[in-house]
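Source: prediction; values computed, not measured. Remember, it's 1-based here, ligands and their atoms both numbered in the order they're listed.
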Amino acid sequence: MNGAVAPPPPPRPVEVPDLAAYRLLHARSLADPEGFWRERIARFRWNRPPDRVLEGDGPAARWFPGGRLNVSENALDRWVDDGHGNAAALLWESEAVDAWRRPEEVRRFTFRELRDAVALLAGALRALGVEAGDRVTICLPIVPELPIAMLACARLGAVHNVVFAGFPAQALLDRIEDSQSRVVITADGGFRNGKPFPLKSVVDTAARRTPLVQRVLVLRRTGEPVAWTPGRDHWWHEAIDAATPAAPVPVASDATHFLMYTSGSTGKPKGIAHGTAGYMVQAALTALHAFDLRPGDVGWCTADPAWITGHTYTVYGPLLSGAATVICEGPLGFPDWDRAWDVVERHRPSVLHSTPTLIRAWIRQGDAGLRVRDLSSLRLLASVGEPINPTVWRWFREVVGGGRLPVVDTWWQTEAGAAMIFPFPYATPARPGSATLPFFGVEAGIADAEGRLLEGEAAGQLVIRRPWPGMLQGIWGDPRRCHDTYWSSVPGAFVTGDAARRDGDGCIWLLGRTDDVIKVNGHRIGTAEIEGAAVAHPAVSESAVVGLPDERSGEAILVFAVLHPGQEASAEVERGIVRSVEEKVGRLARPREVRFLPALPKNRSGKILRRLLREWAITGRVSGDVTTLDDSSALPA
Ligand code: PRX
């Protein structure tokens, strides 16, 4: 392949040692899915093996039907039973450090200790009334109890719904209500950037607005005082003191395993539902093939377990592979960006898996700090969540990887469950800026705007042309919406919402979203959610939001606002709009700028032409076809 970086030789035997092996296995995974996956699922523990690999098609596809299993048993008990119980499973460190930059707290769990902690919490949850199929909302800071809570739900066959601990009460309430969670797991608070932040009070505010929440389990983390509702609230430490460990509850392959709310093109986030067996198989097998994680290894994925990358590669992927996972409290920039290199030196991970946003922060910090640290444990580098610019890719490989480590750029999304397109580290020639080739069972395609599939070199919408194991089961509470959103516009295919180009070697280059979703610091934010928060400001009659390229955050949010007659644009209104967005959507969505316009550009059917606004904001001009514009005076010439 031209312009490609040859993969390094594998440091130990791998199943896919070269491109020919990849091509053979990938072709077989598409030609004979039944045989291909049947061989690969033998490594998991099934209470009842599946009758078939796949049944049905499109959004109705069911993976491994007839099977029964438990994910926490596959992630924990099976390693303990295999004699691996004393190996490290979870390595956590606090954000607070001493004068020597040593974390004030380090907690290490072996597989046995983690299994025991999970079984005990599962017993406590059962005593609070949690049963298989119940949804449990988890809103915890980044502490070991977060993965423990997830795995405890999975142990009971309950459905976890993890909500990021930085969301405002309204966003938490929406997610509690939509998932119909009667039980919430939280903490008094957490630590971020050297300061405590409250969490229980956010849960209290949300719970006051719904009759739904009957039990709140509260972890003591900061020790700050909290309000208490007797009967409803229970301390974590008291609940586990009184609990008896719970054994894993086998569930059907297609039982819902978890929900993850994510933004789409409407104002309402959707609860992406993932099933049990298909998700588990793809999470584990991509942890093996993309990151080469095996029993005894240590992986470090910098993602907060509260997001999909954290679910799959901070929690489930490594543990299902028998590898340990490193988890760090707080964002990594505290006390400074060199903390990451301290973490590598201390915990000696073989994999460093991060995001372009974080890598750009490391580049800005300069490499003096990393050059004096021992990074020799690293064997593989990985990136996810946003397009990685080739310059950033090269810096990662050269400076962090010493020019010798593979860089695995993984493309996927919340709906995908696990990595879908990535270079096999020792087989696929890497292309800086391209996620390259699809994983086993993934048939990637490019479609034009009319939904016609294109052959050969092409650019257009990225689609997935058949069901894959980790695929979403649906949108929680709205089966029709799943079909309409993803499976209706290109016959037989799943529409990803990304634009992409396929080159002459079949490699995929991601070109950004085709819908109204923007990525800020790797977080997926729907423009409609921000617009809804902007128009909630009493002075604002209409709003349109666009993402602008931003060196730091990937994209930055620009809010256009049209004011009600008689209202004056002012710094105060601007501040009010920013506050409204922070309160309703969260600090993640804090706008960089607000601009006032007399009207928004719309087409004749009333659709806001965000493309024009974006172009105008970036270049100061509008090119191309503006004939559909209803009121061209909306944009200055
Ligand atoms: O636009 C793509 C971008 O992130 C979107 C998915 O976001 P989310 O559901 O939050 O999941 C993030 C973690 C998997 C995609 O639709 N994206 C993700 N990975 C890449 C990417 N864009 C370019 N290159 C990637 N490697």
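Residue pairs that meet the salt bridge (charged side-chain N to carboxylate O under 4.0 Å, His left out) test with at least one member in residues 383-397, sequence neighbours left out, are Arg360-Glu386.
Contact residues for ligand 1 (protein heavy atom closer than 4.0 angstrom to any ligand atom): Ile308, Thr309, Val384, Gly385, Glu386, Pro387, Asp409, Thr410, Trp411, Trp412, Gln413, Thr414, Asp498, Leu510, Arg513, Lys519, Arg524.
Residue Arg431 is tested with Thr436, Asp409, Asp505 for a side chain to side chain donor-acceptor pair (under 3.5 Å); the sole match is Asp505.
Here the closest heavy-atom approach between residue Leu437 and residue Gly506 is recorded as CD2-O, 3.5 Å. Nearest heavy-atom pair across Cys139 and Thr186 is O-OG1, 2.9 Å.
The pair Asp292-Arg294 meets the salt-bridge criterion, since a charged nitrogen lies less than 4.0 angstrom from a carboxylate oxygen.
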Exercise. How far apart are the C-alpha atoms of Phe424 and Phe440, what are their side-chain angles, what is the distance that settles it, and do they pass the ring pair (Phe, Tyr, Trp, His ring centres under 6.0 Å) test?
Worked result: CA-CA 11 Å; Phe424 279 60; Phe440 301 144; 5.2 Å; yes
